[in-house]
Amino acid sequence: MTQKNRLVKMIVYGCQMNFAEAERMEGQLREIGFASTEDAEKADLILMHTCCVRETAEDKAYGKIGEIKRLKRERPSLLFGVTGCMAQKESDALIRRAPHIDFVLGTGRLGELSRVVGELLAERVPHVVDVTEDGTLPEEGTPARQGTVSAWVPIMYGCDNFCTYCIVPYVRGRERSRSPEDILGEIEDAAAKGFREITLLGQNVNSYGKDHGLTDFAGLLAMADEVEGVERVRFMTSHPKDLSPRLIAAVRDGRHICEHFHLPIQHGSDRILKAMNRNYTTEKYRGLVRAIRENVPNASLTTDLIVGFPGETEEDFEALLDFLREIRYDAAYTFLYSPRSGTPAAKLEGQVPDEVKHERLERLMELQNKISLEINERLAGTTQEVLIEGPSRTDEAVWTGRTRTGKIVLWPHRDGEKIGELAQVKITQPQTWVLKGERAEG
Ligand code: SAH
Ligand code: SF4
Ligand code: F3S
């Protein structure tokens, strides 16, 4: 059944995987006649793809759900669906709390979207809640990609690691890897449509292929590197417990594989790492960093950090600061520990008071910002190869792009510069988060 001229407004929260999935859902909706709108007031369907990794993510979603109530009251024909991780976690409790929600689809049910929307439009059913997990891979369809240069490609779904603070394994189920043919087919298709940069996504890309045994992640990266038209290959996230020497070698030997490792350490105290069930020690992690820096000397290194995990003492926290001083990350994503019900850490003794968490987070960010700036300052005067992404958000005349190491570069646009091309930019004003520069001559 084809619906003509209907409009969907997408609202997407969470990680890159969520953004990748949202593009796939939008693709499905296009097939049944939907176009996209930015304006919720004009939409026939509002689709919210949610995250529940921290309480703040859920609060944001609930706030938005509340706002949509008014639209729904004004236009009862408006359809409103909630999908993704929070939908999986809350299931029909969502509709009980907010009866203006028409449908709830869990993380394993996204492939049902167009069927469910069709049934609701035909008023065959009052509402739909489906959070069944059958452990299969989703039908990928044709994603409605949002970027013009960069394409997200999920290579696996789910997570088997059960870090004690984390809800993801409970809402996304066990690890399932897509086949190399499927993934390469998608990359070839994206490259043929003009996408220059491919980011391979998974909760733990290093365990890619363990289920089907067709190739490991290093093998997959090498294949992606060969796809005609692809200028850059990126990947995330690498779990330190199974980062292999083969992967480091693949980055070293690859032509288009970018020299950037996002390697979340989470904490710098071995006691805390153990309580987090991360399955590595700071000593093992040091060894990985050494291997990366020996093999790929210009690689950038970024990480995720959690402050205020239950039982974290001032001494543990100092160990984390010391670790940052030692490793010197290019950047770190820092989070306040957020208890997630159903995870083991939420039940631990020694929950850290909010004001202590905040105070530690501030000290952590202050140190990391100083290190990021120092690292970036060393790039002053160098010329960097940048993949042009287009005008910056705040100034049409200033363009933005990224280095192979993933750093954002800003420079005054020159005639003839085109989105998706490579530019040589001389860095003149390095800052903590961005590198400002000018087009290099010649
Ligand atoms: N699979 C990825 C990350 C997924 S979630 C990995 O293991 O690296 C992204 C980040 O959110 C995590 O790296 C962690 O730092 C943070 N995070 C997850 N659960 C959290 C919680 N309960 N409280 C605070 N931060 C959390
Ligand atoms: Fe969560 Fe750990 Fe899995 Fe990452 S590896 S998604 S932090 S359980
Ligand atoms: Fe959030 Fe789910 Fe991603 S909980 S971080 S959207 S995997």
Side-chain angles (χ1 to χ4, degrees), residues 11-22 25 48-61 82-90 105-108 110 131 152 154-175 200-208 235-243 261-268 272-273 275-280 285 301-310 312 320 329 331-348 351-352 354 357-358 360-361 364 368:
I11 301 170
V12 189
Y13 299 115
C15 60
Q16 285 89 345
M17 183 62 88
N18 258 25
F19 283 83
E21 286 172 340
M25 288 194 281
M48 183 187 285
H49 198 40
T50 58
C51 172
C52 60
V53 77
R54 283 169 291 274
E55 203 181 340
T56 46
E58 289 194 323
D59 291 347
K60 225 193 284 174
V82 181
T83 55
C85 292
M86 192 175 100
Q88 184 71 38
K89 176 166 164 281
E90 297 296 307
L105 291 178
T107 53
L110 306 183
V131 296
W152 308 114
I155 62 167
M156 60 197 296
Y157 293 94
C159 180
D160 288 350
N161 290 317
F162 292 95
C163 303
T164 55
Y165 51 81
C166 187
I167 193 82
V168 172
Y170 304 90
V171 292
R172 285 197 166 265
R174 301 292 62 75
E175 283 176 5
L200 306 178
L201 294 176
Q203 294 303 338
N204 175 17
V205 292
N206 299 334
S207 58
Y208 172 80
F235 55 96
M236 73 188 329
T237 297
S238 273
H239 193 303
K241 91 180 155 61
D242 33 33
L243 178 89
F261 290 84
H262 180 60
L263 197 60
I265 177 91
Q266 309 296 357
H267 211 280
I272 299 283
L273 287 176
M276 287 177 161
N277 189 35
R278 289 291 289 181
N279 278 303
Y280 54 80
Y285 189 98
L301 187 64
T302 57
T303 201
D304 290 350
L305 304 169
I306 297 178
V307 286
F309 184 82
E312 180 191 74
L320 171 54
Y329 291 102
Y333 302 88
T334 52
F335 306 107
L336 291 172
Y337 168 69
S338 172
R340 306 281 61 208
S341 66
T343 63
K347 293 194 271 319
L348 289 177
Q351 298 288 328
V352 178
D354 270 356
K357 280 189 202 166
H358 280 103
R360 286 182 186 161
L361 182 69
L364 184 71
Q368 181 53 47

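All ligand and atom numbering here is 1-based and tracks the order in the structure. In what follows, residues are counted from 1 in the order of the sequence shown. On a predicted model such as this, the values are computed, not experimentally measured, just so you know. Just the heavy atoms: all of them, side chains too, but no hydrogens, waters or symmetry mates, feed the values below.
- Of the protein's heavy atoms, Cys15 SG, 2.3 Å lies nearest to atom 3 (Fe) of ligand 3.
- Neither the backbone nor the side chain of Met86 has a heavy atom within less than 4.0 Å of ligand 3.
- Rounded to the nearest 0.5 angstrom, Asn204 CG and Met156 CE are separated by 6.0 Å.
- Residue contacts with ligand 1, taken as heavy atom pairs separated by less than 4.0 Å, involve Leu336 solely via the backbone atoms N, CA, C and O.
- Listed by atom number, the atoms of ligand 1 under 4.0 Å from Arg340 heavy atoms are 22 (N).
- The shortest contact between atom 7 (S) of ligand 3 and any protein heavy atom is with Arg172 NE, 3.0 Å.
- Distance alone, capped at 3.5 Å, places no donor-acceptor pair between the Thr164 side chain and the Pro344 backbone.
- In terms of heavy atoms, Pro154 sits closest to Trp152 at CD-O, 3.9 Å.
- At the top of the distance list for atom 4 (C) of ligand 1, counting protein heavy atoms only, stands Gln203 OE1, 3.4 Å.
- If you check which protein heavy atom lies closest to atom 5 (S) of ligand 1, you get Val53 CG2, 4.0 Å.
- When every heavy atom of Arg174 is checked against every heavy atom of Pro169, the shortest pair comes out as NH2-O, 3.0 Å.
- Interatomic distance, SG of Cys85 versus CD of Glu21, reported as 7.0 Å (0.5 Å rounding).
- Using cut-offs of 30° and 60° on the angle between ring planes, the pair His239 and Tyr280 is perpendicular.
- Counting only heavy atoms of the protein, atom 2 (Fe) of ligand 3 lies nearest to Cys85 SG, 2.3 Å.
- In Tyr333, the OH atom is not crowded: 12 or fewer heavy atoms of neighbouring residues, nucleotides or ligands sit closer than 6.0 Å.
- Each of the atoms 5 (S) of ligand 2 lies under 4.0 Å from some heavy atom of His239.
- Between atom CZ of residue Arg340 and atom CD of residue Glu58 there is a gap of 4.5 Å, rounded to the nearest 0.5 Å.
- In summary, the atoms of ligand 3 found under 4.0 Å from a heavy atom of Cys51, numbered by their order in the structure, are 1 (Fe), 4 (S), 5 (S), 6 (S).
- Within the protein, the N, O or S atoms sitting under 2.8 Å from atom 1 (Fe) of ligand 2 are Cys166 SG.
- Residue contacts with ligand 1: Tyr165 is placed with a nitrogen or oxygen under 3.5 Å of a nitrogen or oxygen of the ligand (distance criterion only).
- Contacts between Gln203 and ligand 3, counted as non-hydrogen atom pairs separated by less than 4.0 Å, involve the side chain only.
- The side chain of Ile306, and not its backbone, has at least one atom closer than 4.0 Å to an atom of ligand 1 (non-hydrogen atoms only; side chain from C-beta on).
- One distance of note links CG of Asn279 with CG of Asn161; it measures 7.5 Å at 0.5 Å rounding.
- Using a 4.0 Å heavy-atom cutoff, Arg278 is listed among the residues neighbouring ligand 1.
- Between Leu336 and His358, some side-chain heavy-atom pair lies under the 4.5 Å cut-off.
- Coordination check, Cys52 versus atom 2 (Fe) of ligand 3: failed, since every N/O/S atom of the residue sits at 2.8 Å or beyond.
- Taking a 6.0 Å sphere around NZ of Lys241, one finds it holds more than 12 heavy atoms contributed by other residues, nucleotides or ligands.
- For atom 15 (O) of ligand 1, the closest non-hydrogen atom on the protein side is Gln266 OE1, 2.6 Å.
- Nearest protein neighbour of atom 22 (N) of ligand 1, counting heavy atoms only, is Ser338 O, 2.8 Å.
- Ligand 2 lies within reach of Arg278, whose nearest heavy atom is under 4.0 Å from it.
- The CD atom of Gln266 sits 12.5 Å away from atom OH of Tyr337, with the distance rounded to the nearest 0.5 Å.
- Looking from atom 17 (N) of ligand 1 to the surrounding protein, the closest heavy atom is Arg54 NH1, 3.4 Å.
- For the pair Val53/Phe335, no side-chain contact is recorded, criterion being any heavy-atom separation below 4.5 Å from C-beta on.
- Among protein heavy atoms, atom 6 (C) of ligand 1 sits closest to Thr237 CG2, 3.8 Å.
- Checked by distance only, ligand 1 and Asp304 come closer than 3.5 Å through their nitrogen or oxygen atoms.
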Practice item. Let me see the working for Arg278 and Cys163 under side chain to side chain contact (heavy atoms under 4.5 Å, CB included), right down to the final yes or no. Key: CA-CA 6 Å; Arg278 289 291 289 181; Cys163 303; 3.3 Å; yes
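- Considering each of Cys51, Pro240, Pro264, the one bringing a non-hydrogen atom nearest atom 8 (O) of ligand 1 is Pro264.
- Here the CD-CG distance, from Glu55 to Asp59, works out to 5.0 Å after rounding to the nearest 0.5 Å.
- Taking a cut-off of under 4.0 Å to the non-hydrogen atoms of Tyr337, the atoms of ligand 1 that pass are 23 (N), 24 (C).
- The only option from Val168, Asp160, Thr237 that meets the side-chain contact (heavy atoms from CB on, under 4.5 Å) definition with Gln203 turns out to be Val168.
- Of all heavy-atom pairs spanning Cys52 and Lys89, the tightest one is SG-CD, 3.9 Å.
- Thr334 and Gln368 share no donor-acceptor pair across their side chains, judged by distance under 3.5 Å alone.
- Heavy atoms of Phe335 found under 4.0 angstrom from ligand 1 belong exclusively to the side chain.
- In summary, the atoms of ligand 3 found under 4.0 Å from a heavy atom of Asn18, numbered by their order in the structure, are 6 (S).
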